[in-house]
Amino acid sequence: MSQVRTRFPPSPTGFLHIGGARTALFNYLFARHHGGRFVLRIEDTDRERSTEESVTAILDSLRWLGLEWDEGPFFQSQRTDLYRADAERLLSQGKAYRCYCSHEELESRRQVALKSGHKPMYDRTCRNRNDPPAGRPFAVRFKAHIDGETIVADQVKGHVVFDNRELDDLIIMRSDDTPTYNFCVVVDDALMEINHIIRGDDHLANTPKQIQMYRALDYPVPAFAHIPLILGPDRTRLSKRHGATSVLAYHEMGYLPDALVNYLARLGWAHGDQEIFTRQELIEKFSLENVGKAAGIYNAEKAEWLNAHYIKGMPAGELARVVKPYIAAKGYDLQQSNEWLEKMVKTLQERAKTLVELVEMAHFYLSDNITIDPNAAAKHLKPESTHVLRSVRERLAAASNWDHDGIKACFDAATADLGLGLGKVAQPVRVAITGGTVSPGIFEILDVLGKQRSLTRLDHALATIAGNGPASPATT
Ligand code: GLU
């Protein structure tokens with residue numbers, strides 16, 4: 001078999017939707033699995049709806065997901081001569097014809113067809129015309145087969161048979177000399193030697209028309225695989241109502257690209273009941289045979305679960321690097337070193353489901369402007385807590401080793417002295433340090449926070465209990 005060549009051809013009329021990203025991913029995985037090439041083509045023939053920003057957003061999204069392309073991006077807007085040449089070729093071979101029908105004529109015939117209950121198709125007025133009206137603008141239409149069938153041998157859907165009587169004589173070049181989608185896509189896929197077209201099944205109805213054009217142009221017909229769309233939990237087409245649909249929104253929400261890639265791969269494709277795949281495993285295991293016929297149902301909880309899994313498994317140094325922009329986005333002035341940041345994320349990575357959540361959890365590390373939760377204060381910062389906090393504070397102040405073990409030794413001594421369990425001693429300290437009752441281990445957080453900041457917070461809590469400190473915020 002010749003080298004596998006796949007493509008992703010987005011129309012730059014908006015952000016990259018996760019459905020589009022999944023299509024890109026399947027094409028990427030299929031190409032990589034077969035040692036082939038993955039081509040990127042921007043379908044910007046619709047000049048009014050295509051924007052520069054959308055091109056940028058799509059390229060950024062693909063790069064962020066790590067779906068690197070081997071060729072392109074090619075822009076259809078720069079390839080008009082190629083479409084024109086092929087349209088000319090079809091005209092000269094009698095496989096296409098000039099259509100002089102005006103928009104108004106077409107529209108009024110359409111209305112008549114609709115009224116009489118017929119499918120509104122072009123009535124082929126110009127197909128056999130011998131009297132081309134001089135000086136009138138014309139579009140170029142493809143001469144579709146009038147009868148018989150066109151079969152799409154689809155690698156996901158199986159054999160899908162189309163009755164040619166249902167297929168229109170498509171316009172391939174508009175009267176303003178611009179090519180139309182179905183035509184460009186055939187010319188481009190043929191010239192770019194794409195031999196596997198994997199795309200959403202909303203394009204299946206276009207495929208028989210495209211197959212007829214490949215044949216008319218003497219181009220080899222590629223293999224097709226139409227993948228079911230992604231639906232929301234209510235089984236309607238995935239939309240904003242169901243949650244974030246743009247790839248960059250996932251980026252902003254603090255998803256890791258590996259997690260989203262893993263999630264998207266499983267939307268419509270399976271390998272036994274395995275859920276977690278490294279990128280390499282996806283490349284090794286991906287096949288079209290295992291793409292399901294049923295729609296993939298979007299499940300926000302599962303996406304989040306996978307993201308938490310990837311955050312947990314990430315080397316802390318790497319996690320510290322990727323979380324930095326999220327810290328900056330929240331407005332923190334990050335003065336600390338990378339080593340400190342690495343130590344900090346290590347205490348949180350088991351708990352955070354997204355990078356945004358991780359930064360929220362890190363507030364008490366990143367700022368001294370913490371708010372003590374009033375319920376936590378009522379329960380744990382009572383007058384009776386004073387001697388507990390004092391005892392811990394004294395020992396911590398005297399600690400010569402400010403690390404996990406040194407801090408633990410202080411608590412061991414305090415609990416022994418006070419005759420209390422660790423929980424009873426740690427909880428008021430936790431509230432004083434973090435403002436709440438839930439946090440990573442007390443030794444870890446003190447270690448990360450550092451001696452001075454820890455002592456200041458304990459002093460502040462003691463002052464609050466004594467009634468001569470502000471309720472919040474704590475300041476150093
Ligand atoms: N530009 C088309 C789209 O974004 C591509 C269709 C195709 O894959 O042929 O839907």
Side-chain angles (χ1 to χ4, degrees), residues 4-31 37-51 53-59 61-62 65 67 69 71-80 82-83 86 142 150 152 154-157 160 162 167 170 172 178-214 217 219-230 237-239 245-247 264 268 288 291:
V4 163
R5 292 177 61 82
T6 65
R7 53 32 158 209
F8 180 56
S11 305
T13 55
F15 53 76
L16 181 63
H17 188 275
I18 54 171
R22 189 206 36 178
T23 301
L25 174 64
F26 283 14
N27 278 284
Y28 164 88
L29 293 175
F30 189 77
R37 309 275 288 170
F38 174 52
V39 179
L40 179 61
R41 180 173 75 230
I42 304 293
E43 305 212 317
D44 58 347
T45 48
D46 186 341
R47 300 308 293 156
E48 305 222 311
R49 295 180 57 224
S50 302
T51 66
E53 298 80 73
S54 166
V55 173
T56 307
I58 292 169
L59 299 188
S61 301
L62 292 172
L65 287 171
L67 304 182
W69 51 93
E71 293 171 32
F74 299 104
F75 291 83
Q76 284 189 328
S77 57
Q78 295 166 9
R79 299 169 57 84
T80 314
L82 298 168
Y83 313 129
D86 269 347
F142 178 67
T150 302
V152 180
D154 194 87
Q155 302 211 349
V156 172
K157 306 266 167 195
V160 189
F162 290 85
L167 306 179
L170 276 187
I172 58 175
T178 57
T180 58
Y181 156 69
N182 275 293
F183 185 55
C184 297
V185 100
V186 168
V187 174
D188 279 340
D189 284 335
L191 297 183
M192 294 175 185
E193 297 177 13
I194 304 301
N195 45 28
H196 286 79
I197 293 184
I198 305 167
R199 62 185 171 194
D201 63 8
D202 48 339
H203 285 288
L204 182 59
N206 287 324
T207 309
K209 306 172 205 170
Q210 295 176 5
I211 289 177
Q212 287 194 17
M213 287 193 267
Y214 277 101
L217 287 159
Y219 288 140
V221 179
F224 289 96
H226 286 91
I227 53 181
L229 295 182
I230 303 174
R237 198 175 171 155
L238 187 65
S239 74
T245 53
S246 106
V247 168
L264 292 176
L288 289 172
V291 172

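First listed ligand is number 1; within each ligand, the first listed atom is number 1. It should be emphasised that the depicted structure is a prediction, and the values quoted were computed from it without experimental measurement.
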task = Name the closest protein heavy atom to atom 2 (C) of ligand 1, giving the residue it belongs to and the distance to 0.1 Å.
result = E43 OE1, 3.4 Å
inquiry  = Please list, in number order, the atoms of ligand 1 under 4.0 Å from a heavy atom of V185.
reply    = 9 (O)
key: Test: R22 cationic atom under 6.0 Å from F26 six-membered ring centre, within 45° of axis   = yes
Note: D188-R7 ion pair, threshold 4.0 Å (strictly below) = no
message = Starting from atom 4 (O) of ligand 1, what is the nearest protein heavy atom, named by residue and atom, and what distance separates them?
response = S11 OG, 3.3 Å
note = Counting from 1 in the order shown, the ligand 1 atoms closer than 4.0 Å to a non-hydrogen atom of R199 are 7 (C), 8 (O), 9 (O)
inquiry  = Does the residue Y181 have a heavy-atom contact with ligand 1, meaning some pair of atoms that are separated by less than 4.0 Å?
reply    = yes
query = Should the proximity of Q210 to ligand 1, defined as any heavy atom under 4.0 Å, be assigned to the side chain, the backbone, both, or neither?
reply = neither
ask   = What protein heavy atom sits nearest atom 8 (O) of ligand 1, and how far away is it?
value = R7 NH1, 2.7 Å
message = To check you understand the geometry: which heavy-atom pair defines the closest contact between P220 and Y214, and what is its length?
response = O-CD2, 3.4 Å
V247 to A21 - nearest heavy-atom pair and separation = CG2-CB, 3.6 Å
task = Output yes when the distance from some N or O of ligand 1 to some N or O of P9 is under 3.5 Å, and no in every other case.
result = yes
task = Can you label the angle between the F38 ring and the Y28 ring as parallel, tilted or perpendicular, going by 30° and 60°?
result = perpendicular
task = Apply the test ring pair (Phe, Tyr, Trp, His ring centres under 6.0 Å) to residues H203 and F224: give CA-CA distance (whole Å), side-chain angles for both, the deciding distance (0.1 Å), then the verdict.
result = CA-CA 11 Å; H203 285 288; F224 289 96; over 10 Å; no
request  = Please work out which of the three classes, parallel, tilted or perpendicular, describes the rings of F30 and H196, given edges at 30° and 60°.
outcome  = tilted
task = Below 4.0 angstrom from a heavy atom of H203, which ligand 1 atoms are there? Numbered from 1 as shown, please.
result = 3 (C), 6 (C), 10 (O)
